[in-house]
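Everything below concerns the one structure shown next.
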Amino acid sequence: MIKIDLYDPKSEETKHYEQSRISFGELKKVLKFNKMQQEDAASLKILNTKMDNGKALTSAEEKKYVELSGKDDIYLGVMEELVASLFKNPKVTVQSIDDGLESDGMSTLSDILADAMGGVEADANHPAKK
């Protein structure tokens, strides 16, 4: 189950939304995004390690480093779209997420995507642990 609390500036209330079922197709989108993010982080780590060891980056590596270093805004946009698509509620949109999350919204979105992939709650409720 995934949950989100969104502040509605029009009504000045915080509204709670839940989605108990995540379709396989939506899960595949989340997993694909997660894979992209992990691959980018690994590539950036390799480039940072090379620089930390005093080695110069090639032109292609420099370009890749700059590209990877500036991807947070891209990740954020994709995360918002993914989360909005996971909730089958017309009131949970990219705009309502922009308006309704606090400044730590990226963390909230990451937590929701982790929950969609199984997260801590699914692990705690696993039949093997009962």
Side-chain angles (χ1 to χ4, degrees):
M1 174 182 292
I2 56 172
K3 305 170 189 177
I4 192 167
D5 292 322
L6 297 174
Y7 176 77
D8 181 353
K10 292 177 184 169
S11 68
E12 296 186 357
E13 295 177 357
T14 299
K15 299 188 178 175
H16 180 77
Y17 302 96
E18 294 182 0
Q19 183 69 37
S20 60
R21 181 183 178 280
I22 306 298
S23 73
F24 182 68
E26 294 295 338
L27 177 62
K28 284 177 24 180
K29 290 178 190 176
V30 173
L31 293 173
K32 184 177 179 181
F33 171 73
N34 189 51
K35 180 182 176 190
M36 177 192 70
Q37 218 176 11
Q38 288 180 349
E39 287 174 349
D40 287 349
S43 294
L44 192 57
K45 184 177 180 179
I46 290 167
L47 294 173
N48 277 322
T49 300
K50 185 174 180 177
M51 288 188 304
D52 290 346
N53 290 331
K55 297 180 182 174
L57 298 179
T58 66
S59 305
E61 288 172 332
E62 286 176 355
K63 184 177 179 181
K64 182 78 172 172
Y65 183 81
V66 170
E67 175 190 326
L68 292 172
S69 297
K71 271 196 151 177
D72 280 350
D73 60 332
I74 294 169
Y75 293 146
L76 184 56
V78 174
M79 290 169 73
E80 284 181 311
E81 289 175 18
L82 276 172
V83 168
S85 73
L86 292 175
F87 286 90
K88 303 303 179 206
N89 187 314
K91 293 185 179 184
V92 180
T93 64
V94 171
Q95 187 62 50
S96 69
I97 290 170
D98 278 348
D99 294 342
L101 287 183
E102 298 290 329
S103 60
D104 66 344
M106 195 160 185
S107 174
T108 301
L109 296 175
S110 292
D111 290 346
I112 291 169
L113 293 177
D115 287 346
M117 290 186 297
V120 176
E121 186 175 271
D123 188 50
N125 292 327
H126 193 278
K129 293 193 175 185
K130 289 186 178 184

Return yes when atom NZ of Lys88 has more than 12 non-hydrogen atoms of other residues, nucleotides or ligands closer than 6.0 Å, and no otherwise. yes
[X] side, atom [atom1]; [Y] side, atom [atom2] - distance, nearest 0.5 Å:
X      : Y     : atom1 : atom2 : value
Ile4   : Glu18 : CD1   : CD    : 12.0 Å
Lys50  : Leu57 : NZ    : CG    : 6.0 Å
Lys29  : Phe24 : NZ    : CZ    : 12.5 Å
Leu109 : Glu81 : CG    : CD    : 11.5 Å
Ser69  : Asn48 : OG    : CG    : 7.0 Å
Asp72  : Asp40 : CG    : CG    : 10.5 Å

Which one of Leu113, Thr93, Thr108, Val30 satisfies the side chain to side chain contact (heavy atoms under 4.5 Å, CB included) criterion with Val83? Leu113
State plainly whether one hydrophobic cluster holds both [X] and [Y], where clusters connect Ile, Leu, Val, Met, Phe, Trp and Tyr through side-chain heavy atoms under 4.5 angstrom apart.
X      : Y     : value
Met36  : Met79 : yes
Met106 : Tyr7  : no
Leu47  : Ile74 : no
Tyr75  : Tyr65 : no

Of the non-hydrogen atoms in [X] and [Y], which two are nearest, and what is the gap between them?
X      : Y      : answer
Leu68  : Leu44  : CD1-N, 3.7 Å
Ile2   : Ile112 : CG2-O, 3.6 Å
Leu101 : Asp5   : CD2-O, 3.8 Å
Leu82  : Ser85  : O-OG, 2.8 Å
Asn89  : Tyr17  : ND2-CD2, 3.4 Å
Val94  : Ala84  : N-CB, 3.9 Å

Close side-chain approach of Leu27 and Met117, heavy atoms under 4.5 Å: yes
Indicate yes or no: at least one non-hydrogen side-chain atom of Gln19 is less than 4.5 angstrom from one of Leu86. no
Just by distance, do the side chain of Asn53 and the backbone of Thr49 share a donor-acceptor pair under 3.5 Å?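 Flag set: sc Asn53 to bb Thr49 pair under 3.5 Å.
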State plainly whether the residues Lys55 and Glu61 are in salt-bridge range, i.e. N to O under 4.0 Å.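 No salt bridge links Lys55 with Glu61.
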